[in-house]
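Working notes, beginning with the structure itself.
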Amino acid sequence: MERRPYRSDLSDARWALIEPVLTRWRSGRTGLGIHQPTHDLREIVNAIFYVTRTGIAWEYLPHDFPPAKTVYDYYAKWEKDGTTQQIHDLLRHRLREAHGRDRLPSAAVIDTQSVKTSCNVRESEQGIDAAKKIKGRKRHIVTDTLGLLLAVVVTAASVSDTAAGKDLLGVVAAEHPRVSKVWVDGGYQAAAWRYGAQHGIDVDVVTRARAEKGFRVLPRRWDGWRTGPRSSP
């Protein structure tokens with residue numbers, strides 16, 4: 001790397017975890033009439049991390065990275081062919097094993113958050129969360145009990161927790177078949193419970209006392225709350 005490092009750059013240890021996956025991906029593309037690659041894979045990943053960390057547009061990528069169009073092309077291919085998901089799953093498995101857990105989870109937590117969106121989001125992709133009085137989008141996530149992400153769905157804020165929850169339960173059943181227990185909050189109605197039961201998933205509602213005010217860590221719900229930065233989806 002012949003440049004000054006950025007704070008978003010991968011450390012040697014982190015690159016060592018994902019380098020085999022990306023090297024195998026690149027080697028599998030040889031002989032397909034594709035020009036010999038000239039850019040370092042680690043620098044491609046560093047450039048993607050720089051964009052996601054700073055929030056800049058691709059075309060504003062600093063010139064000491066590979067060309068922005070090249071970086072985006074790699075990013076788009078990895079998203080489309082499942083390479084990004086493969087890396088995410090690999091890291092989650094290793095972290096679970098490091099905590100003494102089975103690599104495949106058997107229980108999960110569903111949580112949602114409504115946030116205001118920026119001015120460049122299309123009106124058709126926004127909505128109003130009547131309960132929270134927020135116009136924007138809603139992020140629906142499924143995590144394991146360590147708070148590690150299993151699935152995410154982003155909708156307009158007007159979409160009910162129950163409707164999106166059914167979609168999430170379908171994803172969990174298809175992609176994480178060992179999960180048999182899911183905790184949710186009181187916003188999920190009986191339709192979600194029944195849908196979970198159809199897939200062999202016991203949906204358990206964790207509620208707080210009606211008279212209770214202020215923030216309090218609730219059992220299991222905290223596993224979803226602590227996941228990731230509370231930022232605009």
Side-chain angles (χ1 to χ4, degrees), residues 1-26 29 37-95 111-127 129 132 134-144 146-157 164 223-233:
M1 183 173 63
E2 299 178 358
R3 60 169 174 79
R4 294 179 62 183
Y6 293 102
R7 294 182 66 181
S8 56
D9 286 348
L10 282 164
S11 65
D12 291 342
R14 290 178 176 178
W15 172 241
L17 290 172
I18 67 174
E19 183 272 335
V21 176
L22 298 181
T23 299
R24 187 165 56 250
W25 176 87
R26 175 174 274 182
R29 293 170 60 80
T38 58
H39 298 289
D40 182 70
L41 279 173
R42 183 171 179 174
E43 278 295 85
I44 295 291
V45 177
N46 282 335
I48 293 172
F49 276 21
Y50 185 93
V51 171
T52 57
R53 183 64 183 87
T54 62
I56 63 169
W58 290 99
E59 58 265 31
Y60 287 97
L61 193 66
H63 295 300
D64 49 4
F65 281 121
K69 289 185 177 179
T70 299
V71 174
Y72 180 79
D73 184 62
Y74 274 85
Y75 163 79
K77 283 184 170 65
W78 290 342
E79 285 288 305
K80 184 176 181 179
D81 67 14
T83 300
T84 302
Q85 186 64 49
Q86 182 183 354
I87 292 173
H88 183 272
D89 292 344
L90 168 68
L91 297 178
R92 185 180 63 247
H93 294 163
R94 291 196 175 188
L95 190 53
D111 189 29
T112 64
Q113 179 203 19
S114 295
V115 295
K116 296 179 180 179
T117 47
S118 61
C119 59
N120 60 358
V121 175
R122 288 180 292 184
E123 189 72 19
S124 61
E125 296 178 358
Q126 302 185 56
D129 183 337
K132 297 183 176 64
I134 292 176
K135 179 181 179 179
R137 283 173 165 175
K138 186 180 289 187
R139 179 183 67 176
H140 312 262
I141 64 172
V142 184
T143 72
D144 67 6
L146 293 176
L148 304 176
L149 194 65
L150 300 179
V152 60
V153 172
V154 178
T155 68
D223 299 325
W225 287 346
R226 66 182 178 176
T227 299
R230 290 279 172 166
S231 57
S232 179

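Every value quoted in this text rests on a predicted model; they were computed, and no experiment measured them. Below, all heavy atoms of this structure are taken into account, side chains as well, without hydrogens, waters or symmetry copies.
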Do other residues, nucleotides or ligands put more than 12 heavy atoms under 6.0 Å from Tyr50 OH?
yes
OH (Tyr6) with more than 12 external heavy atoms under 6.0 Å
yes
Decide yes or no on side chain to side chain contact (heavy atoms under 4.5 Å, CB included) for Leu148 and Thr143, but give the supporting numbers first.
CA-CA 5 Å; Leu148 304 176; Thr143 72; 5.9 Å; no
Hey, what do you get for CD (Glu79) to OG1 (Thr84), rounding to the nearest 0.5 Å?
4.0 Å
Could you tell me if the side chain of Trp78 sits less than 4.5 Å from the side chain of Ile48, heavy atoms only?
yes
Would you say that more than 12 heavy atoms from the other residues, nucleotides or ligands in this model lie under 6.0 Å from the CZ of Phe65, or not?
yes
Look up atom OG1 in Thr70 and atom CD in Glu43, then write down how far apart they are to the nearest 0.5 Å.
13.0 Å
Is the shortest heavy-atom distance from the side chain of Gln113 to the side chain of Asp111 under 4.5 Å?
no
Could you go through the side chain to side chain contact (heavy atoms under 4.5 Å, CB included) check for Val115 and Arg139 one step at a time?
CA-CA 8 Å; Val115 295; Arg139 179 183 67 176; over 6 Å; no
Taking atom types as modelled and ignoring hydrogens, do the side chains of Gln86 and Asp89 form a donor-acceptor contact shorter than 3.5 angstrom?
no
Less than 3.5 Å apart, which donor and acceptor atoms pair up between the side chains of residues 17-26 and the rest of the protein, not counting sequence neighbours?
from	atom 1	to	atom 2	distance (Å)
Glu19	OE2	Thr23	OG1	2.4
Thr23	OG1	Glu19	O	3.0
Trp25	NE1	Asp81	OD2	2.7
Arg26	NH1	His39	O	3.2
Arg26	NH2	His39	O	2.9
Arg26	NH2	Tyr74	OH	2.7

Any donor-acceptor pair under 3.5 Å from Arg92 side chain to Leu149 backbone
yes
Under the salt bridge (Lys or Arg N to Asp or Glu O under 4.0 Å) rule, collect the residues that match up with Arg42, sequence neighbours excluded.
Asp12
Please report the interatomic distance CG(Leu10) to CZ(Phe49), rounded to the nearest 0.5 Å.
4.5 Å
Is any side-chain heavy atom of Val45 closer than 4.5 Å to a side-chain heavy atom of Trp15?
yes
With sequence neighbours excluded, residues passing side-chain hydrogen bond (donor to acceptor under 3.5 Å, both in side chains) with Asp73
Lys77
Over all heavy atoms of both residues, which pair between Leu61 and Pro66 is shortest? Give the atoms and the distance, please.
CD2-O, 3.7 Å
Heavy-atom closest contact (Ala157 atom, Ser114 atom, distance):
CB-OG, 4.3 Å
Please round to the nearest 0.5 Å and tell me the distance separating atom CG of Leu90 and atom NE2 of His88.
11.0 Å
